[in-house]
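Data block below; observations after.
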Amino acid sequence: MIKTQREENKTAAGERILCRITADKPGPTVVFFGGIHGNEPAGVAALTEVLEALAREGRALEMGALIGIRGNLPALVQKERFLDHDLNRIWSRPRLESVMAKPESERSSEEKELVLIYALLQELLQTCTPPFYFIDLHTTSSRTRPFITINDSIINRYFSRIFPVPVILGIEEYLEGPLLSYINELGYVALGFESGTHNDPAAIRNAADFIWLTLGFTGLLPDYPGREDSFKRLDQASESDHDFYEVFYRHELQASHTFRMKEGFWSFQSLPKGTVLGSEAGAPVAMQKKGILFMPLYQKQGEEGFFLIRKTPAWALRLSAKLRKWKTHELLTHMPGVRWADSRQDKLLVNLSVARFLNRPIFHLLGYRSRQRDKTHLLISNREHKARNADYSHTFWFSEE
């Protein structure tokens, strides 16, 4: 059934909730977000297309619930990435607490959206049944294969690898406050799907195929006709690239950036050291080391000019899964120069002048992702101890390696 939503989630852009469909049989809850960035309409269009097909064919979910959510409603009206702040960069715990403490009249456009979406999330978590799957649909300003981005937890890896597209690890080390990082810290499967280039019809088709596959893989609609076609189309769009990659560099931009990317670059393009990618403040910006270009910026708004990625070997993924299963990370607190960052015991502070033998690759194997706190310290966090593995242990895609 489709439930009527509250008036505060309506604007000129329409209702925030595109659908809330509940089957008679309890089961997983699958939540899709579209339009978290207002200049990325493909996710909303794809969700609408799938919903219309379900209604036209009279097809009911076999179990569980499907929720479709429109993200930044004012920005969608303006067709801008954001109006005041990037809605996908303000979901950190300190920012949430700060926004919630403000009077409504003092909140920015995106902060108002944050409060409404936060309330909706809390309501869904309290009233819907696990396991939960959260999917955030996006597009990029450059030409790209469709791909998945995840926070590096094992349940995210296992679920992502069943889709015929590349998977990007580690982007959470370089971004502050994404929506999916907040959700993943609650222990749920949460992934982003980038379906293609803004306003390209192929991006809508790729997103729709991803939605259909998700409905099948989660059991909401396991036997829909066309599932094999959706899989083949996505495999073709991704050029049969099913590898895992890891981000190792982010070219950060200031709010009033002057960065300009040279025309002709695209995501997943391998480039040698020294390649001039663009200019900033009148000076050339070149590759400092060889790598694979990822999400080069071809739009006015944005916080990153580009990223660099590299392939993650299959053996490293297997070893990492084993080390995390054995909870090897618990040994870190017994090492010199490593202590809990605060009383919550969910982050570690690493003194690099003492623990010189520890570096990012070791942290990554153990499930930790890091941020530089100052010149001599890293702040690292591990989401594995929060992951609700038991919620997903009965699924076909979950396995203990």
Side-chain angles (χ1 to χ4, degrees), residues 35-42 72 75 78-90 108-110 138-149 166 168-178 181 192 194-200 202-203 238-239 241 243 245-312 360 369-372 374-375:
I36 290 292
H37 290 139
N39 64 331
E40 301 176 20
N72 194 335
Q78 300 296 324
K79 300 181 181 179
E80 296 283 351
R81 180 179 173 91
F82 58 85
L83 301 186
D84 297 315
H85 314 287
D86 191 329
L87 182 57
N88 207 31
R89 299 291 188 274
I90 57 176
S108 69
S109 179
E110 275 73 27
H138 285 271
T139 52
T140 71
S141 62
S142 62
R143 180 159 64 93
T144 185
R145 303 167 189 168
F147 61 89
I148 289 171
T149 60
I168 313 300
L169 301 171
I171 201 166
E172 71 267 31
E173 281 189 311
Y174 300 90
L175 303 181
E176 180 68 29
S181 288
E194 303 271 358
S195 62
T197 310
H198 304 334
N199 303 312
D200 183 351
S238 71
E239 302 176 10
D241 182 358
D243 288 322
Y245 296 80
E246 184 158 17
V247 177
F248 70 89
Y249 175 78
R250 172 201 184 210
H251 188 75
E252 183 178 1
L253 303 178
Q254 302 302 315
S256 57
H257 73 83
T258 59
F259 176 80
R260 293 294 180 271
M261 194 82 193
K262 287 180 65 176
E263 294 297 329
F265 290 107
W266 61 89
S267 282
F268 298 96
Q269 183 180 12
S270 295
L271 296 170
K273 178 181 178 180
T275 302
V276 176
L277 299 176
S279 63
E280 192 167 15
V285 176
M287 298 268 291
Q288 299 302 304
K289 57 179 68 178
K290 69 177 182 179
I292 301 171
L293 187 63
F294 183 58
M295 292 202 293
L297 183 71
Y298 288 107
Q299 61 187 22
K300 294 183 299 181
Q301 294 175 310
E303 294 76 38
E304 301 84 30
F306 59 90
F307 295 87
L308 297 179
I309 59 176
R310 56 187 165 223
K311 286 187 180 180
T312 303
R360 285 190 172 187
R369 292 286 164 174
S370 63
R371 283 186 176 277
Q372 194 82 28
D374 53 42
K375 291 182 179 180

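Note that the structure is a prediction, hence the values are computed from the model and not measured.
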Contact between Phe259 and His251 at the side-chain level, heavy atoms closer than 4.5 Å - yes or no? yes
Minimum heavy-atom distance Ser195-Pro146, with the two atoms named: O-CB, 4.1 Å
Rounded to the nearest 0.5 angstrom, the NZ-CZ distance for Lys289 and Phe248 is 6.0 Å
Before you tell me yes or no, could you show the steps for Lys79 and Asn39 under side-chain contact (heavy atoms from CB on, under 4.5 Å), namely the whole-Å CA-CA distance, both residues' side-chain angles and the distance that decides it to 0.1 Å? CA-CA 5 Å; Lys79 300 181 181 179; Asn39 64 331; 5.6 Å; no
Give the intermediate values and the outcome of side-chain contact (heavy atoms from CB on, under 4.5 Å) for residues Gln299 and Arg81. CA-CA 9 Å; Gln299 61 187 22; Arg81 180 179 173 91; 3.3 Å; yes
Has Glu110 got a side-chain atom pairing as donor or acceptor with Leu83's backbone, closer than 3.5 angstrom? yes
Is there a side-chain contact between Glu303 and Leu175 in this structure, where contact means two heavy atoms from C-beta onward sitting under 4.5 Å apart? no
Rounded distance [0.5 Å steps], OG1 in Thr149 versus CZ in Phe294: 7.0 Å
Please check this pair: side chain of Gln288 against backbone of Ala286, looking for a donor-acceptor N/O pair closer than 3.5 Å. yes
Using ring centroids (six-membered ring only for Trp), state whether Phe265 and Phe306 fall under 6.0 Å. no
How long is the straight-line distance from CZ of Arg260 back to CG of Leu297, given to the nearest 0.5 Å? 9.0 Å
Of Glu194, Glu40, His198, the one forming a side-chain hydrogen bond (donor to acceptor under 3.5 Å, both in side chains) with His138 is Glu40
Go through the steps for Thr275 and Leu293 under the test side-chain contact (heavy atoms from CB on, under 4.5 Å), then give the verdict. CA-CA 11 Å; Thr275 302; Leu293 187 63; over 6 Å; no
Residue among Asn72, Thr139, Asp86 satisfying side-chain hydrogen bond (donor to acceptor under 3.5 Å, both in side chains) with His37: Asp86
Residues Glu246 and Arg369 bridged, charged N to O under 4.0 Å: yes
May I ask you to decide if Lys262's main-chain N or O and Tyr298's side chain share a donor-acceptor pair within less than 3.5 Å? yes
Determine yes or no for a side-chain-to-main-chain donor-acceptor pair under 3.5 angstrom, with Ser142 supplying the side chain and Met295 the backbone. no
Give, for atom NE2 of His85 and atom OG of Ser108, the distance between the pair rounded to the nearest 0.5 Å. 3.5 Å
Checking Glu280 against Leu253 for the side-chain contact (heavy atoms from CB on, under 4.5 Å) test, could you report, in this order, the C-alpha distance in whole Å, the side-chain angles of both residues, the deciding distance, and whether it holds? CA-CA 9 Å; Glu280 192 167 15; Leu253 303 178; 3.5 Å; yes
Do Arg250 and Glu173 touch side chain to side chain, with heavy atoms closer than 4.5 Å? no
Of all heavy-atom pairs between Val285 and Ser279, which one has the smallest distance, and what is that distance? CG2-C, 4.0 Å
Give, for atom NZ of Lys311 and atom CD1 of Ile292, the distance between the pair rounded to the nearest 0.5 Å. 6.5 Å
Do Phe82 and Leu87 have side-chain heavy atoms sitting under 4.5 Å apart? no
Centres of the Phe268 and Phe147 rings: under 6.0 Å? yes
